[in-house]
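Read the numbers this way: they start at 1 and go in the same order the structure lists the ligands and their atoms. Values below: all heavy atoms of this structure, side chains included; hydrogens, waters and symmetry mates excluded. Residues: numbered from 1 along the sequence shown.
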Amino acid sequence: MKIPFVSLEQAKKIIDQYPTPFHLYDEKGIRENARMVNRAFSWNKGFREYFAVKATPTPGILQILKEEGCGVDCSSFTELMIGEALGFSGDEIMFSSNMTPAEDFVLANKLGAIINFDDFTHIAFFEKLAKIPETVCCRFNPGGLFQVSNDIMDNPGDAKYGMTKDQIKDAFRILKEKGAKHFGIHSFLASSTSSNTYYPMLAKILFELAVELKKELDVHIAFINLSGGVGVPYHAEDAACDIMAIGEGVKQVYEEVLQREGMDDVAIFTEMGRFMLAPYGSLLATAIHEKHIYKEYIGLDACAANLMRPALYGAYHHITVLGKEDKACDHIYDVVGGLCENNDKFAIDRMLPEIEIGDIIYIHDTGAHGHAMGYNYNGKLRSAELLLKENGEIGLLRRAETPEDYFATFDFTKLFSK
Ligand SMILES: *Cc1c(COP(=O)(O)O)cnc(C)c1O
């Protein structure tokens, strides 16, 4: 069973002040989880989680994570700007981008961020803009399929990211010649994983590569960046990843591979987005229509512009009808938004309690890649983001868009100048 972090009574009080739809985040959940992540890797002296800003680029959320000791993983100019505005600097910023524009590299370099080169050719591109920093990182793509026992987790051979092994060797050699002294290796091989063995398996691949690179090129490997990919239980029946077991699994491989080679000062970095935030955010919407044709539809005041994952990936998001948690799920509905786009369905053939107009629909696990993926198709406006604080108060993290925001890129005065 999945339990909302607000009751119907709490939700109604919030809605008196802020109309639906809105994303609501749970400060207590975010902090407790971030502390657990830090505890799981506390065996590693240099450990740092660089929160993947793209998942939830909301300053109030990033501030909470900063207070919990996290850095930021940025991949664009504006994500770097957010990081800078919040006071992140130097090695608190990982710049993991790809197909990077020149101005992004320039800003990342100005902030002293750790540059993670996605491609071999990016080194020459970067050199035209700035001096190669002393600490650098390269992204590795081993190609092929990435498997855990017989389960294919993902298909790196098909992914646009990272360098081949030969390229990363050349990259380290050239970077060293150009003055780099401390090296990191980064890789992201599988997304939204459910197995506690993903990070340990990835760690083994990267640790073995680190040993090889150190031996062949005599370089100092300063850190290994396991990036993101740790999943969350979107379905009620899914088991959650056990971050303590994951940390322990990485520790074992660390001892087996790195410590054995005397490489015991290598820091472990992560760039989790989903695991840090998804379960601690929800989208609250109101049922505003019911429709009975060939199927039974419930129409919400939210749509895919507020949460794109179901439309984009067919992703499952659990739904609770607030106040009806204990009622039997004996009705079958498609729960939909109002876009003129038939993919705009939060749930298809979902068993739920009978829904009445005015019911508050709580869509779970929208804290990462939720509001962030919002868009303005059909002229729909992005919703507010609210924070349920630890003391029970509600904070406004981001106001809802208004038509003025939607039209802000036009100059209407021209239409009226004659
Ligand atoms: C998206 C992304 C992440 C975060 O991924 P999650 O699945 O949210 O953990 C981390 N690093 C990079 C480079 C990414 O592109």
For [X], counting its heavy atoms only, list the atoms of ligand 1 lying under 4.0 Å from any of them.
{"X": "A52", "result": "3 (C), 4 (C), 10 (C)"}
{"X": "R139", "result": "13 (C)"}
{"X": "M272", "result": "9 (O)"}
{"X": "R274", "result": "6 (P), 7 (O), 8 (O), 9 (O)"}
{"X": "D73", "result": "10 (C), 11 (N), 12 (C)"}

Checklist entry - How are the rings of H182 and H220 set relative to one another: parallel (under 30°), tilted (30 to 60°) or perpendicular (over 60°)? => result perpendicular

Checklist entry - Parallel, tilted or perpendicular for Y25 and H23, by the 30°/60° rule? => result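 Ring orientation of Y25 relative to H23: parallel.
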
Next on the checklist: Does K165 qualify as a cation-pi partner of F140, given the criterion of NZ or CZ under 6.0 Å from the six-membered ring centre and within 45 degrees of its axis?
Outcome noted: no

Next on the checklist: Would R399 and F22 count as a cation-pi pair here, with the cationic atom under 6.0 angstrom from the ring centre and within 45° of the axis?
Outcome noted: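 Verdict for F22: no cation-pi partner in R399.
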
Checklist entry - Between F188 and Y161, is the ring centre distance below 6.0 Å? => result no

Checklist entry - Is the H364-Y362 ring centre distance short of 6.0 angstrom? => result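 Yes, the ring centres sit under 6.0 Å apart.
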
Checklist entry - Of all the non-hydrogen atoms in the protein, which one sits nearest to atom 14 (C) of ligand 1, and at what distance? => result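 Going atom by atom, the protein heavy atom closest to atom 14 (C) of ligand 1 ends up being K54 NZ, 2.8 Å.
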
Checklist outcome for this item: Ranked by distance from atom 5 (O) of ligand 1, the top protein heavy atom is F188 CE1, 3.6 Å

Checklist entry - Is it true that A55 lies under 4.0 Å from ligand 1, counting heavy atoms only? => result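 No, A55 has no heavy atoms under 4.0 Å from ligand 1.
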
Next on the checklist: Considering M276, E271, M94 one by one, which has a heavy atom nearer to atom 13 (C) of ligand 1 than any of the others?
Outcome noted: E271

Item to check | Residues D265, K45: salt bridge by 4.0 Å N-O rule | outcome: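 So D265 does not pair with K45 through a salt bridge.
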
